[in-house]
Amino acid sequence: MKQTEYLEHFRTFSFWEHMSTQEQELLLSNIREIHYPAGTAVQTGDCHCLGTLFLLKGILRVYLLSAQGKEATLYRLRDGDTCTLSGSCMLSAITFDVQIDAETDCDVLLIPTAVFSKLMDKNIYVENFVYKMTTEHFSDVISGIERTFFLNLPQRIAAFLLDESAQEESDTLSITQENLARSIGSAREAVSRALKQLSSEGCIEVSRGGIHLLDKSRLYQMLNTF
């Protein structure tokens with residue numbers, strides 16, 4: 001992308017028209033365009049304050065990683081989303097670090113922490129934008145916690161598959177059992193057993209590297225029983 005394209009992209013955000021010419025130039029002159037191949041670690045515990053990510057294309061997974069190596073997915077970001085937890089050191093109320101992986105090939109625009117933090121300090125509209133985005137992401141986090149505590153494993157799988165189907169606008173999902181287990185924070189063996197149960201009930205069809213949803217109404221019905 002050229003700077004004129006950066007301008008067209010950022011002028012769609014609510015804070016842009018409230019920025020001074022100097023602030024706009026500061027943002028545009030410090031954009032880094034990065035491509036992350038599928039499977040790349042975008043942010044790890046060793047580098048926990050990358051900056052603010054504006055996702056142009058692809059899927060990013062934001063998750064927590066325990067000292068024992070267990071993962072808990074917080075949420076996913078898709079085309080057009082903004083990741084603020086990648087610059088969590090700018091937010092005094094955030095006291096934990098997240099990991100971010102590229103689940104698919106991703107193209108992002110990165111505003112380094114020092115630059116975006118300066119804009120937040122100078123411009124309340126930029127600050128409000130960051131906190132608004134962060135609040136929306138925490139709604140996804142709470143939704144994930146509710147599923148973990150209140151749904152059994154088949155229900156958690158059903159909820160995940162239905163969400164992914166809606167996002168992808170397809171009943172056929174390209175996902176391995178290992179990735180599914182990682183996404184919902186469960187063991188692969190347990191997920192495999194639950195998938196066999198859902199398959200035997202005619203809800204889904206499992207193939208190598210993919211899952212096809214056969215009876216979405218049945219899956220929705222499962223979620224209304226807790």
Side-chain angles (χ1 to χ4, degrees), residues 1-65 71-144 167:
M1 295 177 69
K2 300 178 181 179
Q3 193 167 60
T4 54
E5 293 176 300
Y6 295 151
L7 172 61
E8 290 303 313
H9 180 77
F10 279 98
R11 71 191 312 170
T12 63
F13 290 95
S14 59
F15 59 78
W16 182 260
E17 64 183 48
H18 300 288
M19 297 172 69
S20 67
T21 301
Q22 291 77 12
E23 290 168 345
Q24 291 174 354
E25 291 176 350
L26 176 64
L27 186 151
L28 293 175
S29 62
N30 284 279
I31 294 171
R32 292 173 55 196
E33 187 172 354
I34 307 174
H35 174 76
Y36 293 105
T40 303
V42 176
Q43 175 167 290
T44 65
D46 297 329
C47 179
H48 62 273
C49 203
L50 187 64
T52 305
L53 295 172
F54 295 84
L55 182 57
L56 300 175
K57 182 179 180 181
I59 301 176
L60 294 174
R61 183 172 73 98
V62 182
Y63 63 99
L64 297 176
L65 181 66
E71 299 179 2
T73 299
L74 299 179
Y75 51 83
R76 283 177 172 76
L77 299 168
R78 291 177 167 81
D79 299 7
D81 284 338
T82 303
C83 185
T84 54
L85 288 185
S86 53
S88 58
C89 59
M90 300 186 298
L91 307 170
S92 58
I94 305 298
T95 58
F96 60 89
D97 298 327
V98 299
Q99 316 281 321
I100 304 173
D101 287 350
E103 286 202 332
T104 65
D105 288 351
C106 292
D107 294 316
V108 307
L109 299 180
L110 169 67
I111 308 297
T113 299
V115 175
F116 216 73
S117 181
K118 186 175 182 179
L119 291 172
M120 286 178 62
D121 290 341
K122 287 186 173 182
N123 192 307
I124 192 172
Y125 292 96
V126 177
E127 183 182 41
N128 285 344
F129 170 80
V130 171
Y131 279 104
K132 180 176 182 291
M133 291 295 101
T134 305
T135 301
E136 289 179 0
H137 293 329
F138 272 105
S139 296
D140 296 329
V141 173
I142 295 301
S143 178
Q167 290 284 351

Exercise: identify the closest heavy-atom pair between [X] and [Y]:
X	Y	result
G58	D79	N-OD1, 2.8 Å
I31	I111	CG1-CD1, 3.4 Å
P37	A102	O-CB, 3.7 Å

Pair R76, E103 - check salt bridge (Lys or Arg N to Asp or Glu O under 4.0 Å), show working. CA-CA 9 Å; R76 283 177 172 76; E103 286 202 332; 2.9 Å; yes

Quick one: does E5's side chain have a donor or acceptor within less than 3.5 Å of a partner on K2's backbone?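 A pair under 3.5 Å: yes.
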
Would you please name every residue forming a side-chain hydrogen bond (donor to acceptor under 3.5 Å, both in side chains) with N128, sequence neighbours left out?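 Expected list: none.
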
More than 12 non-hydrogen atoms from neighbouring residues, nucleotides or ligands closer than 6.0 Å to OH on Y63, yes or no?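 More than 12 heavy atoms, drawn from other residues, nucleotides or ligands, come within 6.0 Å of this atom.
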
Taking the side chain as C-beta and beyond, is there a heavy-atom pair between L55 and C106 under 4.5 Å?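 In contact.
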
Within the 4.5 Å heavy-atom criterion, are H18 and I124 side-chain neighbours or not?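 Side chain of H18 against side chain of I124, heavy atoms only: no contact under 4.5 Å found.
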
[X] [atom1] to [Y] [atom2] distance, which is reported to the nearest 0.5 Å:
X	Y	atom1	atom2	result
T40	I100	OG1	CD1	13.0 Å
L119	E127	CG	CD	11.5 Å
I34	L110	CD1	CG	4.5 Å
F116	N30	CZ	CG	11.5 Å
D81	L56	CG	CG	11.5 Å
L53	T82	CG	OG1	9.0 Å

Go through the steps for M19 and F13 under the test side-chain contact (heavy atoms from CB on, under 4.5 Å), then give the verdict. CA-CA 11 Å; M19 297 172 69; F13 290 95; over 6 Å; no

side-chain contact (heavy atoms from CB on, under 4.5 Å) for H137 and L74? Distances and angles first, verdict last. CA-CA 8 Å; H137 293 329; L74 299 179; over 6 Å; no

Report the C-alpha separation of V42 and S86 in whole Å, then their side-chain angles, then the decisive distance to 0.1 Å, and conclude whether the side-chain contact (heavy atoms from CB on, under 4.5 Å) test is met. CA-CA 9 Å; V42 176; S86 53; over 6 Å; no

Please state whether the rings of F15 and F10 are parallel, tilted or perpendicular, taking 30° and 60° as the class boundaries.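 F15 vs F10 ring planes: tilted.
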
Parallel, tilted or perpendicular: which describes the rings of F54 and H9, with under 30° parallel and over 60° perpendicular?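 Taking H9 first and then F54, their aromatic rings stand perpendicular (interplane angle over 60°).
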
Applying side-chain hydrogen bond (donor to acceptor under 3.5 Å, both in side chains) to Y6 and E33, what does each step give before you reach the verdict? CA-CA 10 Å; Y6 295 151; E33 187 172 354; 3.1 Å; yes

Only counting residues at least two apart or in another chain, list the ones meeting side chain to side chain contact (heavy atoms under 4.5 Å, CB included) with R11.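 R11: side chain to side chain contact (heavy atoms under 4.5 Å, CB included) contacts with L7, E8, W16.
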
